Amino acid sequence: MSSVPTPIPCREVVELVTEYVEGTLDAERRVAFEAHLSCCDWCGAYLRQIRITLRVVGDLPPEAVDPAVERGLLDLYRELRKDAEG
């Protein structure tokens, strides 16, 4: 006797798509995710688009970041952390 997976909304599918693609969803969530995909064309299309994007982006060569830009980003990050810490 199999149990029926708890339905999940589209919003949750969007939130879980990375874990699904990476294969890190637990079995119960994976079953619910796949059950949703079986009846939601929009989410199925979204998953296909994510997979295409990952495949394309994975094929792009890494670009060097200009040292001045890197320093600026690191300085900004440090400022944000300092502000957040009080």
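If you're wondering where the values come from, they're calculated on a predicted model, not measured in any experiment. Both backbone and side-chain heavy atoms feed into the values below; hydrogens, waters and symmetry mates do not.
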- Residue pair Pro9 / His36: nearest heavy atoms and the distance that separates them: C-CE1, 3.9 Å
- Query: If you take all heavy atoms of Ser38 and Ala35, which pair is closest and at what distance?
  - Reply: OG-O, 2.6 Å
- Can you check whether Glu34 reaches Arg30 side chain to side chain, under 4.5 Å on heavy atoms? yes
- Query: To the nearest 0.5 Å, what is the distance between CG (Leu76) and CZ (Arg71)?
  - Reply: 14.5 Å
- Query: What is the distance from atom CZ of Arg48 to atom SG of Cys43, rounded to the nearest 0.5 Å?
  - Reply: 10.5 Å
- Task: Tell me, yes or no, whether the heavy-atom count around Asp26 atom CG, taken from other residues, nucleotides or ligands under 6.0 Å, exceeds 12.
- Result: yes
- Mind checking who shares a hydrophobic cluster with Val21, ILVMFWY linked at side-chain heavy-atom distances under 4.5 Å? Ile8, Val13, Val14, Leu16, Val17, Tyr20, Leu25, Phe33, Leu37, Trp42, Tyr46, Leu47, Ile50, Leu54
